[in-house]
Novice: 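One structure follows; several queries about it will come next.
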Amino acid sequence: MAQPLVKKDDDRDDEAEYSPFLGIEKGAVLQEARVFNDPQLDPRRCSQVITKLLYLLNQGETFNKIEATEVFFSVTKLFQSRDIGLRRMVFLIIKELSPSADEVIIVTSSLMKDMNSKTDMYRANAIRVLCRITDGTLLTQIERYLKQAIVDKNPVVASAALVSGIHLLQTNPEIVKRWSNEVQEAVQSRAALVQFHALALLHQIRQNDRLAVSKLVTSLTRGTVRSPLAQCLLIRYTTQVIRESATNTQAGDRPFYDFLESCLRHKAEMVIFEAARAITELNGVTSRELTPAITVLQLFLSSSKPVLRFAAVRTLNKVAMTHPMAVTNCNIDMESLISDQNRSIATLAITTLLKTGNESSVDRLMKQITNFMSDIADEFKIVVVEAIRSLCLKFPLKYRALEEGGFEYKKAIVDSIVILIRDIPEAKESGLLHLCEFIEDCEFTYLSTQILHFLGIEGPKTSDASKYIRYIYNRVHLENATVRAAAVSTLAKFGAMVDSLKPRIFVLLRRCLYDSDDEVRDRATLYLNTLGGDGAVVETDKDVKEFLFGSLDIPLNNLETSLKNYEPSEEPFDLDAVPKEVKSQPLAEKKAPGKKPTGLGAPPSGPTSTVDAYEKLLSSIPEFSEFGKLFKSSAPVELTEAETEYAVNVVKHIFDRHVVFQYNCTNTIPEQLLENVSVIVDASEAEEFSEVATKPLRSLPYDSPGQTFVAFQKPEGVPAVGKFSNMLRFIVKEVDPSTGEALDDGMEDDYQLEDLEVVAADYMMKVPVANFRNAWESIGADFERVDEYGLGPRESLTEAVSAVISLLGMQPCEGTEVVPNNSRSHTCLLSGVFIGNVKLLVRLQFGVDGPKDIAMKLAVRSEDENVSDMIHEIVASG
Amino acid sequence: MDHFSASNDCCPSVKNILLLDSEGKRVAVKYFSDDWATNGAKLAFEKNVFIKTLKTNARMEGIYDLHFFVTGGENENELLLTGVLQGFFDAITLLLRNNVDKREALENLDLIFLCVDEIVDEGIILETDASVIAGKVAIHSMDGGGAPLAEQTLSQALATAREHITRTLLR
């Protein structure tokens with residue numbers, strides 16, 4: 001790999017991230033706080049110590065009673081200082097320490113002094129602090145000052161008093177209610193925030209008096225409220241009044257609707273949105289009332305600000321549930337949001353469209369959903385499931401009639417339901433029933449069999465498995481042979497998993513013995529036998545379950561080849577003997593022939609292209625016959641430059657305790673004959689390997705490739721790695737190119753080849769799994785290992801993903817090796833079999849971290865904890 | 001602490017203000033709601049918010065190693081919360097004199113705490129205008145010398161800040 005992968009923790013150490021709080025420790029800071037008691041105060045120092053105390057509290061540190069009291073007392077000494085900055089910090093920490101009543105008394109006089117200070121900032125903050133920590137008794141003492149403060153000409157002071165009033169109203173309502181006059185005066189303030197705070201407090205003082213609230217709203221909606229925040233409040237109060245007077249709206253205009261509508265033309269987006277939302281939430285809103293609100297929300301949909309798009313689409317999504325027709329006007333704008341970078345916006349747009357769209361668009365939407373289902377948050381999945389549910393109710397009939405594109409559409413629906421069932425346990429039962437109903441009139445054999453298979457796996461796990469049987473057995477009556485056979489298998493799975501259903505399943509399976517199709521009959525017979533259908537109801541044993549539910553981890557192509565090669569004999573066909581390696585295209589085939597100027601020669605190639613052929617070749621060599629079963633053969637690695645005299649590549653064959661290098665040599669010089677060709681391997685940089693055998697090549701004439709082998713022993717089960725340097729040694733003879741006759745006795749010569757490495761990936765076989773998620777679940781979390789890595793700066797996400805894949809040498813699943821353009825994060829799924837036949841699965845999550853840096857989270861699950869750990873070692877040392 | 005929100009869902013309220021680093025760890029946080037009773041619950045929430053916004057363009061990546069969040073109730077007006085967030089971010093930008101990074105933030109953590117204190121008081125929005133917020137906080141930082149903020153090309157600072165604004169809306 002171009003750049004070594006570094007464990008994130010190490011990475012951090014290197015940077016030695018600087019923080020002024022590095023190694024900060026509570027005890028030491030409390031110690032430092034003693035400077036507060038110094039007769040000569042150092043304001044700067046004291047501020048720093050307070051910051052440290054605040055930092056500790058902010059990080060979740062707690063002070064016990066004694067510590068808090070001690071700090072509080074020392075802090076009170078700081079009121080002696082006239083330093084304005086220090087005083088700010090004192091205010092702040094007093095609030096954080098939330099002193100007890102008897103402690104409050106100590107600071108009361110200091111704070112009251114500050115409340116009457118000439119400095120506005122002191123007044124405002126002292127009010128906030130005092131009101132926060134005070135109790136009722138003290139409040140009467142300071143009430144006079146607070147009333148003054150409410151109408152203070154400094155808006156900060158007025159706001160501080162008003163906001164404190166809002167808080168105090170909860171604990172001391174009688175006192176705060178006496179401030180009504182001052183608060184009412186403050187509502188008229190020219191300062192925006194004062195108006196907002198005053199309005200909030202005034203409304204709260206009067207909120208139990210409906211008439212008073214109504215009056216307040218009436219007078220304010222006529223006047224001019226300056227602050228957008230206050231305007232939002234007013235909209236909320238207005239809707240409250242509308243709601244409470246809802247009894248007499250059957251005829252005529254709704255009171256205050258005009259006010260709400262006028263707010264749609266406000267210059268602040270906050271207010272426009274508040275009003276639009278308020279209108280959409282009116283009880284029994286009419287479409288005439290809705291229209292102007294929808295219009296402004298529609299404008300927001302095409303805003304460049306994500307937050308406007310989000311707010312609008314979220315509101316429209318809600319409206320679409322009750323008034324889908326009102327939202328249809330926005331469909332075009334909504335469609336452009338499907339590809340919004342922000343997934344939340346895209347999901348809301350799609351689900352809205354599902355509610356409002358017509359049949360023709362639904363097909364496309366469904367496909368879009370399945371595309372990004374896996375990386376949206378759970379709450380949005382539920383939004384999608386609801387949308388699909390209502391969709392199923394909306395269009396079932398129409399779609400049955402729709403021939404064209406019907407398959408893709410239905411497949412998309414099925415895929416979505418399957419994903420939902422897998423991800424959301426609560427959705428399982430209803431989802432499965434949906435699928436049951438779906439196959440009732442699904443004309444697509446492929447989908448029916450897929451669903452039946454899925455039902456067989458998920459159905460028996462539900463609380464009431466019997467309810468699915470009817471649907472499945474109906475298929476046996478009504479469908480073509482393929483679907484019938486699938487239904488039989490599904491029935492058998494229910495029988496295997498749910499003992500109480502066994503007798504009934506046996507009855508059904510026996511009926512299938514008379515099916516007209518032999519596959520159906522065969523399956524029924526097989527299952528009746530494996531499940532013990534001869535009458536005895538026994539618990540299904542493990543092997544049978546494995547047989548029914550285990551996945552076939554063999555590539556179908558290989559199985560097919562092996563079956564074709566199998567000749568009927570006494571020996572039964574052995575499934576385990578089928579090679580599991582996915583055939584990779586051998587290097588030789590990829591090279592265009594005739595690339596070499598020397599012409600004639602075929603490019604150096606491995607003698608055969610398949611694993612079978614390698615196996616046959618190796619087992620024919622007596623020296624290697626003891627090595628056992630071949631685990632894996634690598635693709636050929638070139639050891640020479642193109643256009644050299646001798647072309648050599650090497651294939652690494654991995655066995656449990658051995659490694660065999662197969663050197664494929666080609667002599668490209670017509671005037672030469674090579675004899676006794678061997679490769680001298682220096683394994684000094686591969687300590688765990690020791691050479692056990694070499695098999696020289698007797699003769700290597702011009703342009704006729706041959707092989708020489710070197711075998712090494714290595715510790716069993718260990719993915720030993722190392723570097724080997726290679727030297728081609730041979731006897732070279734001059735020949736007559738026309739006859740091929742040797743002209744001399746030849747001389748020994750050496751030819752330096754490039755180095756060869758055995759890497760961890762050589763011990764990994766690319767074995768795909770059909771369904772990664774199922775495989776992931778079934779392998780279990782027993783030996784799961786998760787860690788995070790910083791991959792350092794990378795060219796691109798794609799480059800990082802492929803680097804890790806090739807480092808591990810595993811099989812990417814479900815197309816996750818492809819990184820979509822402009823992605824900032826990516827999840828890649830890998831599967832493989834490690835030496836020792838240990839299945840393992842890896843989930844890689846990549847994220848762009850900083851300008852070029854890429855971080856990766858690696859989760860591995862396998863059947864062996866050592867292997868799980870090994871994967872992390874490979875990545876950490878790669 | 002949260003006594004206002006139960007009886008009065010009318011008044012816009014902020015549940016918390018978070019300033020997290022590039023790994024989602026706390027730089028400074030302030031909770032105004034008791035929805036999160038323990039520090040553990042708070043940390044879990046912060047992690048959740050951070051992860052959740054990774055996959056959206058709700059925030060900018062790669063420019064700052066700081067992430068700014070303001071959250072409110074599910075039914076809160078998103079634009080109103082955005083106003084608070086914008087004020088928070090812009091004020092910090094002004095206070096840190098455009099050096100919005102984690103190191104600078106930690107070195108001026110007192111300013112950050114004061115800034116949060118001036119924006120929201122127990123959940124109620126106090127001020128959203130960045131220059132007013134920064135002005136209130138900076139009263140004491142000015143005695144350390146340096147040009148007053150007002151002269152430090154306020155509009156220019158804000159313009160750069162806006163370009164890079166990191167924002168999110170949740171809950």
Side-chain angles (χ1 to χ4, degrees), chain A residues 18-21 47 50-51 54-55 58-60 83-86 88-89 92 95 121 128 132 156 159-160 163-164 166-167 170-171 193 196-197 200 203-204 207 228-229 232-233 236-237 240 269-270 273-274 277 306-308 310-311 314 341-344 375 377 824-825 847-851, chain B residues 1 3-4 6-12 22-23 26-30 38-40 42-43 52 54-58 61-63 65 75 77-83 85 102-103 106-107 109-110 113-114 117-118 121-122 124-129 132 136-137 139-141 143-144 167-169:
Chain A
Y18 168 79
S19 159
F21 302 103
S47 286
I50 292 179
T51 308
L54 289 170
Y55 174 82
N58 207 255
Q59 293 295 319
D83 184 89
I84 199 163
L86 178 57
R88 295 293 311 271
M89 296 310 282
L92 210 51
K95 281 197 276 190
M121 196 277 297
R128 285 174 58 200
R132 168 84 63 92
V156 180
S159 278
V163 170
S164 299
I166 295 173
H167 301 317
Q170 312 302 320
T171 48
L193 269 299
F196 165 61
H197 295 132
H203 176 260
Q204 282 191 41
Q207 66 181 347
L229 279 170
C232 286
L233 270 187
R236 289 180 195 190
Y237 301 154
Q240 218 174 39
E269 284 158 345
M270 182 199 298
F273 176 66
E274 185 75 40
R277 202 175 58 158
V307 62
L308 283 189
F310 177 79
R314 192 159 87 108
Q341 279 190 331
N342 186 318
R343 286 288 157 117
S344 305
D375 47 54
R824 307 289 300 176
S825 63
V848 179
D849 182 15
Chain B
M1 286 283 241
H3 37 65
F4 60 90
S7 65
N8 177 37
D9 52 1
C10 261
C11 192
S22 55
E23 289 171 7
R26 258 180 209 178
V27 175
V29 298
K30 180 80 185 161
T38 63
N39 188 45
K42 290 173 185 171
L43 288 171
K52 194 175 259 201
L54 266 176
K55 281 205 170 171
T56 58
N57 62 351
E61 292 153 275
I63 293 169
D65 55 1
N75 291 317
N77 180 332
E78 291 93 338
L79 305 185
L80 195 146
L81 292 174
T82 311
L85 178 62
K102 182 180 174 186
R103 182 178 172 153
L106 284 172
E107 281 181 347
L109 200 61
D110 50 343
F113 285 139
L114 288 171
D117 184 61
E118 292 293 353
D121 184 284
E122 290 189 71
I124 295 183
I125 300 166
L126 273 182
E127 182 57 76
T128 58
D129 182 319
V132 176
K136 287 204 257 177
V137 173
I139 285 173
H140 89 284
S141 72
D143 57 15
R167 67 181 75 173
T168 183
L169 282 167

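What's counted below: heavy atoms across the whole structure, side chains too, no hydrogens, waters or symmetry copies. Below, chain A is the first sequence line, B the second, and so on; all start at residue 1. Everything numeric here is computed off the predicted structure, so don't read it as measured data.
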Novice: Do A/Met89 and B/Leu114 touch side chain to side chain, with heavy atoms closer than 4.5 Å?
Specialist: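 Yes; the side chains approach each other to less than 4.5 Å.
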Novice: Output yes when a side-chain donor or acceptor of B/Arg103 lies under 3.5 Å from a complementary backbone atom of A/Pro20, and no otherwise.
Specialist: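 Not at all, since once roles are kept as given, no pair shorter than 3.5 Å links the two residues.
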Novice: Calculate, to the nearest 0.5 Å, the distance between atoms CG and CG belonging to B/Asp110 and A/Leu92 respectively.
Specialist: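 Between B/Asp110 CG and A/Leu92 CG, I get 9.5 Å after rounding to 0.5 Å.
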Novice: Go through the structure and list residues passing side-chain contact (heavy atoms from CB on, under 4.5 Å) with A/Val163, not counting sequence neighbours.
Specialist: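 For A/Val163, the residues satisfying side-chain contact (heavy atoms from CB on, under 4.5 Å) (neighbours in sequence not counted) are A/His167, A/His197, B/Asp121, B/Ile124, B/Leu126.
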Novice: Working to the nearest 0.5 angstrom, can you tell me the gap between B/Leu106 CG and A/Thr51 OG1?
Specialist: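 Going from the CG atom of B/Leu106 to the OG1 atom of A/Thr51 covers 11.5 Å.
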Novice: Less than 4.5 Å to any heavy atom of chain A: does that hold for the side chain of B/Ile125, its backbone, both, or neither?
Specialist: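 Interface part for B/Ile125: both.
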Novice: Do the non-hydrogen side-chain atoms of B/Glu127 and A/Ser159 ever get within less than 4.5 Å of each other?
Specialist: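 With C-beta onward as the side chain, the pair stays apart.
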Novice: Within the distance-only criterion (no hydrogens, no angle test), does the side chain of A/Arg314 pair as donor or acceptor with the backbone N or O of B/Glu78 below 3.5 angstrom?
Specialist: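 Answer holds: no.
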Novice: Measuring heavy-atom distances to chain A, does B/Val27 have an atom under 4.5 Å in its side chain, in its backbone, in both, or in neither?
Specialist: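 Only the backbone of B/Val27 comes within 4.5 Å of chain A.
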Novice: Identify which of B/Thr38, B/Leu43, B/Asn39 forms the greatest number of heavy-atom pairs closer than 4.5 Å to chain A.
Specialist: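 Top count of heavy-atom pairs under 4.5 Å with chain A: B/Asn39.
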Novice: First locate atom CG of B/Leu81, then atom CE of A/Met270, and finally report the distance between them rounded to the nearest 0.5 Å.
Specialist: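 Separation between the atoms: 9.0 Å.
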Novice: What distance separates B/Glu107 CD from A/Ser19 OG, expressed to the nearest 0.5 Å?
Specialist: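 One finds 8.5 Å between CD of B/Glu107 and OG of A/Ser19.
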Novice: Between B/Glu118 and A/Arg88 (salt bridge meaning N to carboxylate O under 4.0 Å), is one present in this structure?
Specialist: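 Salt bridge flag = yes for A/Arg88 with B/Glu118.
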Novice: Can you say whether A/Ile50 sits under 4.5 Å from chain B via the side chain, the backbone, both, or neither, judging by heavy atoms?
Specialist: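 Neither the backbone nor the side chain of A/Ile50 comes within 4.5 Å of chain B.
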Novice: With sequence neighbours left out, write down each residue that passes side-chain contact (heavy atoms from CB on, under 4.5 Å) with A/Gln59, or none if nothing qualifies.
Specialist: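 With neighbours one apart ignored, the set is A/Tyr55, B/Arg26.
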Novice: Could you tell me the separation between the SG atom of B/Cys11 and the NE2 atom of A/His203, rounded to the nearest 0.5 Å?
Specialist: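 So the SG of B/Cys11 and the NE2 of A/His203 are separated by 10.0 Å.
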Novice: Using heavy-atom distances under 4.5 Å, tell me whether A/Leu54 contacts chain B through its side chain, its backbone, both, or neither.
Specialist: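 Both backbone and side chain of A/Leu54 come within 4.5 Å of chain B.
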Novice: Are any non-hydrogen side-chain atoms of A/Asn58 and B/Phe113 less than 4.5 angstrom apart?
Specialist: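 In short, these two side chains touch, coming nearer than 4.5 Å.
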Novice: When you compare the side chain of B/Thr82 with that of A/Glu269, does any pair of heavy atoms fall below 4.5 Å?
Specialist: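 Side chain of A/Glu269 against side chain of B/Thr82, heavy atoms only: no contact under 4.5 Å found.
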